[in-house]
Amino acid sequence: MIRFILGGRRSGKSKFALQLGESLYPGAPHLFIATAISTDPEMEERILNHKKKRSPLWTLVEEPLHLGKLLKEHLTEEPKVYLVDCLGFWLNNLLWNFKLKDQEKEYQQEIKEFFSALKCFQKRPSEIIVVSNEVGLSIIPDSRISRIFSDELGKINQNVAELSDETYFLISGIPLKIKG
């Protein structure tokens, strides 16, 4: 099953995703896939705070770029809970490492690989929870890179929502089920 969780900054997405994940398949392995990388002291503090909020139930794997490949490597026939947090950071990493360096082929390959891996969850007894930012409710950004980011994340979010069995939108810590 694919569960998709969207929301703005500080909307409670990660907290809800962790609670939801911990309620699924008691006794099964739980894998937390973090996509953020530390770029400065403030970001390091955010990452540490996120780590403190996770129970020992979760095994941490950090993967800032090759998300699809990692998911396929960890996919098993046994029930397992996967939580990807979050697509916004992953996209940011892809943009800076590929797209903005005119490596469009590599960029598109990573996106394709992710969706190929995500589709595997439609046929397995495992659960995947995917967290992403909703950035399309704001004004149109004034810089080229910000517009590219919001446009690309909007496309990715639409495709994940289409594949998902359940989709939630978080507002002020309150989950609204919008699909499933």
Side-chain angles (χ1 to χ4, degrees), residues 1-9 11-36 50 53-55 57-95 107-137 149-171 173-180:
M1 178 175 263
I2 301 168
R3 298 171 198 254
F4 189 37
I5 300 172
L6 285 164
R9 290 183 63 232
S11 64
K13 303 179 301 291
S14 296
K15 180 180 177 183
F16 176 71
L18 287 169
Q19 290 171 343
L20 179 61
E22 289 174 8
S23 73
L24 303 169
Y25 292 115
H30 284 59
L31 186 68
F32 187 95
I33 302 163
T35 60
H50 266 266
K53 292 176 183 175
R54 287 194 295 273
S55 79
L57 181 67
W58 296 97
T59 299
L60 173 65
V61 176
E62 296 174 329
E63 181 49 65
L65 291 172
H66 310 292
L67 189 52
K69 180 181 177 195
L70 179 116
L71 286 169
K72 286 181 177 178
E73 287 172 356
H74 284 271
L75 198 57
T76 67
E77 292 299 326
E78 299 300 317
K80 192 171 187 176
V81 178
Y82 302 76
L83 197 163
V84 175
D85 195 0
C86 83
L87 294 184
F89 278 116
W90 176 63
L91 174 63
N92 180 69
N93 300 334
L94 291 181
L95 290 175
Y107 172 79
Q108 291 299 331
Q109 182 58 39
E110 292 299 333
I111 302 284
K112 182 180 174 184
E113 186 76 17
F114 168 69
F115 281 105
S116 172
L118 194 59
K119 288 176 185 175
C120 293
F121 286 88
Q122 295 173 319
K123 304 168 192 149
R124 295 270 195 322
S126 294
E127 302 266 350
I128 185 166
I129 301 167
V130 181
V131 177
S132 189
N133 299 93
E134 176 52 68
V135 297
L137 299 174
F149 176 83
S150 62
D151 289 348
E152 292 295 309
L153 189 57
K155 290 178 205 173
I156 289 169
N157 285 347
Q158 286 182 47
N159 289 326
V160 174
E162 184 179 326
L163 289 174
S164 73
D165 299 291
E166 293 180 355
T167 299
Y168 296 87
F169 187 68
L170 270 283
I171 301 171
I174 300 170
L176 300 172
K177 192 173 187 179
I178 59 176
K179 179 183 179 184

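Counting begins at 1 with the first residue of the sequence.
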- Item | Sidechain N-carboxylate O distance under 4.0 Å for K69, E63 | no
- Would you say the side-chain atoms of Y168 pair up with the backbone N or O of F16, donor to acceptor, closer than 3.5 Å? no
- Determine the interplanar angle of the W58 and H30 rings, folded into 0 to 90°, and report it as parallel if under 30°, tilted if 30 to 60°, perpendicular if over 60°. perpendicular
- Which atom of G12 lies closest to which atom of L170, heavy atoms considered: O-CD1, 3.9 Å
- Message: On a heavy-atom basis, which atom in L24 and which in R3 lie closest, and how many Å separate them?
- Response: CD2-NH2, 3.6 Å
- Query: Given side chains that start at C-beta, do those of S116 and K112 come closer than 4.5 Å, heavy atoms only?
  - Reply: no
- So, K80 side chain and A28 main chain: donor-acceptor pair closer than 3.5 Å or not? no
- Heavy-atom donor-acceptor pair, Y82 side chain to S126 backbone, under 3.5 Å: no
- Take atom NZ in K123; do more than 12 heavy atoms of anything else shown fall under 6.0 Å from it? no
- Could you check if a side-chain atom of K53 sits within less than 4.5 angstrom of a side-chain atom of H50, using non-hydrogen atoms only? no
- Message: For C86 and K13: C-alpha separation, side-chain torsions, deciding distance, then whether side chain to side chain contact (heavy atoms under 4.5 Å, CB included) applies.
- Response: CA-CA 10 Å; C86 83; K13 303 179 301 291; 5.6 Å; no
- Note on the structure: In this structure, CD1 of I2 is separated from SG of C120 (nearest 0.5 Å) by 9.5 Å
- Output yes when a side-chain donor or acceptor of D85 lies under 3.5 Å from a complementary backbone atom of A34, and no otherwise. no
- Query: At their closest point, which heavy atom of A117 faces which heavy atom of L71, and how far apart are they?
  - Reply: CB-CB, 3.8 Å
- Side chains of L57 and V81: does their closest heavy-atom pair fall under 4.5 Å? no
- Would you name the heavy atoms of L6 and N133 that are closest together and state the gap between them? CD2-O, 4.1 Å
- Task: Check the surroundings of atom OH in Y25: do more than 12 heavy atoms from other residues, nucleotides or ligands lie under 6.0 Å from it?
- Result: yes
- Item | S11 side chain to I171 backbone, donor-acceptor under 3.5 Å | no
- Tell me, yes or no, whether the heavy-atom count around K15 atom NZ, taken from other residues, nucleotides or ligands under 6.0 Å, exceeds 12. no
- Tightest non-hydrogen contact, residues L18 and R54, listed as CD2-CG, 3.7 Å
- Message: For a quick test of reading the model, state the closest non-hydrogen atom pair linking N157 to S132 and the distance between them.
- Response: OD1-OG, 2.7 Å
- Item | Sidechain-backbone polar pair: K119 side chain, L163 backbone, donor-acceptor under 3.5 Å | no
- Query: What distance separates F121 CZ from I128 CD1, expressed to the nearest 0.5 Å?
  - Reply: 4.0 Å
- Scan L67, L94, T35 and name whichever one has a side chain to side chain contact (heavy atoms under 4.5 Å, CB included) with L87. L67
- Side chains of P29 and T59 in contact at under 4.5 Å (non-hydrogen atoms): no
- For the side chain of N93 and the backbone of P64, is there at least one donor-acceptor N/O pair under 3.5 Å apart? yes
- If we only count heavy atoms from C-beta on, is the I111 to W90 side-chain gap below 4.5 Å? yes
- Task: Determine whether N159 and L118 make a side-chain contact, defined as any pair of heavy atoms from C-beta on separated by less than 4.5 Å.
- Result: no
